[in-house]
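First the structure, in the form of structure tokens, and then the observations on it.
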Amino acid sequence: MSTGPASVSGGARWRSWRIVSMRSEGSSAWLLAPAALLLAVCFVAPILVVFRWSFFADGPTLEFYREIFGSTLYRTILARTLVFSLVAAVLSVVIGYPAAYFLATRPVRTRMNWLAVVLLPLWVSSLIRTYSWLILLGREGPANMALMALGLTDQPIQFLYGRGIVYAAMVQVLLPMAVTIMYAGMLSIEQTFIKAARILGASPAYAFRKVFLPLSASGITNALVICFVLSLGFFITPNLLGGPREAMISNMIDRAVNESLEWNLAAALGVVLLLVGIAVAGILAFAIRLLTSPGRMPR
Amino acid sequence: MAGGGDAAGATDRRWGLENGSRHRGNALTGARILFSSIRKVYRRDVALSSFSLAIEAGEFVTLLGPSGSGKTTALNILAGFTAASGGTLGVDGKSILDLPPEKREIGMVFQGYSLFPHMTVAQNVAFPLALRRVAKSEIARRVGEALEMVRLGSFGARMPNELSGGQRQRVAFARAVVFRPRVLLMDEPLGALDLKLREAMQLEIKRYHAELGCTVIFVTHDQGEALALSDRIAVMTDGEIAQVGTPAEIYDRPDSQYVAEFVGRINVFPGQRRPGNRIEIPDLGLTAALPDTVAGAAAETVNMCVRPEDVEIVGPADASGMLACDATVEEAYFLGDTVSYSVALAAGRRITVEHQRRASTPIMPAGSRLRLGIRMSSAHYFPAV
Ligand SMILES: Nc1ncnc2c1ncn2[C@@H]1O[C@H](COP(=O)(O)OP(=O)(O)OP(=O)(O)O)[C@@H](O)[C@H]1O
Ligand SMILES: [Mg+2]
């Protein structure tokens, strides 16, 4: 799964490598070989197998797709998966952008320290982080204990098993990723661009809107697409924190593979998820370009 | 939006924009700028200790100084990017220290050009005009005009990364002046260009200045550039101005040994003061009369300084009015129109002699013995500290 449409910055890196290597495109193509081989064996081949399973039972058939799109349950869950992933990705980017901006505008000396702080959560596996939510927010968890001790509530509050907590947990997992990706993009924006805009007459807000924001757009797109695609695959978080009513497609795939043993159905679900994911990622990239463009100038 | 409202209205009136088009060249009068005892203190450094400089309307003043002497800091304080720790700064008699950069109506060319990479050349140049709510047709006309001025009329649709260094430089210049600021700041604008292009751009900048009439503060650590371009040069050292003057004043009448050594090259002969206002120079094996200006100074040691071109290679007899001495060529540097000789004096000191040449002039090889004449009137004397 993961990085399909997300390698937006790869092009630039590749070009700069070509400058370093001073070779033409053709003769340096061998550099791609190890990655291409790995992808072919571990990614393309399994995907092809999954595609095949989704269309063949005893013979070619569309019955699994019919089952998915004919069932209200699957349609609802598919829609919910998209909405959850989209909202989680957007929240991560919106919350992460100011943090990335803060990091990117620190003096070089202190930048690394701040970055370490942002990356700290990644040292703890997301499974453990998810369980910690369960403990923290459970009926008899410290959060409720504290609230009751303070007299703010006399009944334990139902934090778990709902949308809010799923979003919170997803964003918490995605945030370091979103911040680092956008931060990396912002590093290439020179401080003098903002100075130039200011001395030419732009207020700080105008300089941000017309210069900084458009130049950080590719970072936003990368972060949004990566967060979205990662969210599509979440299943521990919705399962543990959201409960069965907030199940996502991945939970359905999990069940089809591990419980009901309908592998063809699981494959079809996987294909649907992949295609929808690619489509939405494309739309997101386009939308960000539109939203952050400096507008037609001269006006 | 900054620059809107009253400020933009005032600007438009100042340039008579409501009367429609105006001819270039007579449109501007520059602003007077007065730095008084400006200080800037960082945690570890004093970037400017007491910077005072009065700049006339329309003047081209260059800040010249070694790295870290505070040139950029002075510009940044004038532009509003850096807050001064003390002192006052006036433009046309009004203090501007409280204004944010966008309200100062100052044009600036940055060292790295800082063209917005996501906008075309035309959009870059239009940026300050769009901010000032100039009408669309007027923007198009003035962007065209500005690009014509820098000879890039047909480049409007290009992106900055499709331009050469010199072209980017010119676009940055067009963008900085298109809104007709009365003050233009340039921080080492030619630093990244090769020598040929630098010289071409120096001519261009002089032409723009004559055409636009704005006050220019130019920063460089290239002394040749400073001498060629400026009405006046302020030589800086350690956050202070060592000397201000016209290029000729700075070069011919340096106030201090620091200025003499920083602008152009100079040979230094340490000397001892002797009774009767004379100076003994052991390296030359002679004593000479001290000029009155130095005679009163307290120091016992006085350095005599002579520029390489003021040391002449003379025949055995015709050294009248000069201090004469013998020397041996150690190395000859061929520079085309001149030859620069590194020579050793009899007493051992090594000095530089610059000799004008023509195609027929032979170059003396290392080891050649020659006689030098130092013109007394061109020597500078500085009390040693
Ligand atoms: N943001 C800052 N924080 C701390 N010290 C600074 C800062 N900016 C400049 N300085 C210090 O102030 C002094 C003057 O710096 P400035 O940039 O004005 O020098 P400059 O004359 O422009 O040099 P250069 O020719 O290298 O550009 C230097 O000693 C520098 O280290
Ligand atoms: Mg500088």
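These numbers were taken from a predicted model, which means no experiment stands behind them. Letters A, B, ... mirror the listed sequences (proteins, then strands); counts begin at 1.
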Over all atoms of both residues, closest heavy-atom pair of [X] and [Y]:
{"X": "Leu200(A)", "Y": "Leu131(B)", "answer": "O-CD1, 3.8 Å"}
{"X": "Ser114(B)", "Y": "Phe193(A)", "answer": "CA-CE2, 3.8 Å"}
{"X": "His118(B)", "Y": "Pro214(A)", "answer": "CD2-CB, 3.5 Å"}
{"X": "Gly201(A)", "Y": "Arg132(B)", "answer": "CA-NH2, 4.1 Å"}
{"X": "Phe81(B)", "Y": "Arg198(A)", "answer": "CE2-CB, 4.2 Å"}
{"X": "Lys195(A)", "Y": "Asn76(B)", "answer": "NZ-ND2, 4.0 Å"}

Where on Leu185(B) is there a heavy atom nearer than 4.5 Å to chain A: the side chain, the backbone, both, or neither?
neither
Proximity breakdown for Ala207(A) and chain B, heavy-atom pairs closer than 4.5 Å
neither
Of the backbone (N, CA, C, O) and the side chain (C-beta and beyond), which part of Ala196(A) lies under 4.5 Å from a heavy atom of chain B, both, or neither?
both
Among Arg175(B), Met108(B), Gln111(B), single out the residue with the greatest number of heavy-atom pairs under 4.5 Å to chain A.
Arg175(B)
Applying side-chain contact (heavy atoms from CB on, under 4.5 Å) to Phe116(B) and Lys210(A), what does each step give before you reach the verdict?
CA-CA 10 Å; Phe116(B) 305 130; Lys210(A) 298 288 181 174; over 6 Å; no
Surrounding CZ of Arg289(A) (heavy atoms of other residues, nucleotides or ligands, distance under 6.0 Å), is the total greater than 12?
no
Reported CZ-to-CD distance for the pair Phe110(B) and Glu190(A), which is rounded to 0.5 angstrom:
11.0 Å
Between chain B and each of Ile199(A), Leu215(A), Thr192(A), count heavy-atom pairs under 4.5 Å; write down the option with the most.
Ile199(A)
